[in-house]
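Take a look at the structure set out below.
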Amino acid sequence: MTATPDIGMVVVQPTAFCNIACTYCYLPDRSNKHVIAQSTVTRLFEQIFASGWSCPEITVIWHAGEPLVVPVSFYREAFATIERMRPASVHVKHSFQTNGTLIDTEWCDLFKEWGVGVGVSLDGPRELHDLHRKSRSGKGTFDKTIAGIRSLRENNVDFHVISVLSHTSLDQPAELLDFYLTEGIDQICFNVEESEGDHVSSLFHGPELRKRYAAFLRSFWHLARRSGRVRFVREIDLALPRLFRPEGVPARNIQVEPLAMLNVDSHGNVSSFSPELLGLKNKDYRDYLLGNINFQSLQEIRDTCLASALYRDITAGVQACSRSCDYFSVCGGGAPVNKLFENGSFTGTETSYCTLTQMVPTDLILEAYDRLAHSPAMVVPQDVPSPSPVQSSDVAA
Ligand code: SF4
């Protein structure tokens, strides 16, 4: 019997439309201006709250296309509706992943009023950012994105950036750090340009990638630590508690649990597992959809999920990982969408993506911890307790 889901993350696509056209974008429907109906948002959260399956804290990520092309008034209404329905025992945290080009004071007021988490896609200084992040007419978007970031800072809105690393930026950890510090950016996440959907990355499958990325991340982490001005490097700071955790507590991977991650498109179609699966198609699994929240209950959607080839194959992939991979205890079986795009199947194991997101950070943390353990100034206990919460500053050299 499969346990009932602990819904921890809901990814809602308010619209598939995006106002810009990055060269590495994998979204097939990014010119479609349809916007999710308020009634669909209401029905979705009615179902989630009535199911009793929600975690004590649910993160709602408004993402994919560009969520800020939908007016502020839409979110005010949606947030208020969700708040009215929310059981007292459940905390809801809203979050946006945006290209930043539309951020102004009105958006900042919304972010502050509702405590919204904001992630801005920014690939670094102008020459790196404008390489791929282009307007629909092919011009660079750096000026608009940086204006949005400056507006966030002027209005005291907490935010992080996500930078996609390319061939060029992988060689420039110091330059990237200088840029972030100059712009007052102190929470940073990295993605390496991936192959997803129709987009094929030449970088991702290169033989030197693991070595180059490890060198980049090691250097960036240590320089950031030395600067004393960076609060968060996602690749390290999220890996630390997965690595150093209390005995017997498994590292959760919500991308492989049915409905733990609920992904809903602007028409109410529901998928689970990796959010990137929403909107994609494949000859074996067709469209990865498990139902539509406007017409089906979450219970029905869950039943469909449990009976699906998608779930069967993702589970087989996790089991294969558990048998073969030394990193399984921190990873939990990886990202299904990357297994599919890199290996052609959910049932496989290692991918370039898991090498970069799981193996390299784990190796770097253990390397730093090992150095610390052998430092004459440091006495390390034989039985390492669970030093939680661990900060990257505790182990970075
Ligand atoms: S690191 Fe890769 S191979 Fe290892 S468990 Fe994760 S997905 Fe599987």
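Atoms within a ligand are numbered from 1 in the order they appear, just like the ligands themselves. For the single chain, residues carry numbers from 1 onward in sequence order.
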Identify, for [atom], the protein heavy atom at the shortest distance, and state residue, atom and that distance.
atom: atom 8 (Fe) of ligand 1; result: C321 SG, 2.3 Å
atom: atom 4 (Fe) of ligand 1; result: C325 SG, 2.3 Å
atom: atom 7 (S) of ligand 1; result: G334 CA, 3.4 Å

**Prompt:** Would one find an N, O or S atom of C331, in either backbone or side chain, under 2.8 Å from atom 4 (Fe) of ligand 1?
**Reply:**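 No, C331 does not qualify, because none of its backbone or side-chain N, O or S atoms lies under 2.8 Å.
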**Request:** Taking all heavy atoms of T349 and all of S324, pick out the closest pair and write down the distance.
**Result:** CG2-OG, 3.8 Å
**Asked** Of all the atoms in ligand 1, which lie at a distance below 4.0 Å from a heavy atom belonging to E350?
**Response** 3 (S)
**Request:** Could you list which atoms of ligand 1 come closer than 4.0 Å to a heavy atom of F328?
**Result:** 5 (S)
**Prompt:** With ring centroids as reference points, do F79 and H94 lie under 6.0 angstrom apart?
**Reply:** yes
**Message:** For F96 and Y75, I'd like to know if the aromatic rings sit close, meaning centre-to-centre distance below 6.0 Å.
**Reply:** yes
**Message:** Show, in sequence, the C-alpha distance, side-chain angles and deciding distance for N155 and K112, and conclude whether the side chain to side chain contact (heavy atoms under 4.5 Å, CB included) test is met.
**Reply:** CA-CA 9 Å; N155 287 283; K112 284 195 289 191; 4.2 Å; yes
**Item:** Aromatic plane relationship, F179 with F142 - under 30° parallel, 30 to 60° tilted, over 60° perpendicular
**Value:** tilted
**Request:** Flag C354 as yes if one of its N/O/S atoms falls below 2.8 Å of atom 2 (Fe) of ligand 1, otherwise no.
**Result:**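 For C354, the answer is yes, given that an N, O or S atom comes within less than 2.8 Å of atom 2 (Fe) of ligand 1.
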**Request:** May I ask you to say whether E46 pairs ionically with R43, meaning some side-chain N is under 4.0 Å from a carboxylate O?
**Result:** no
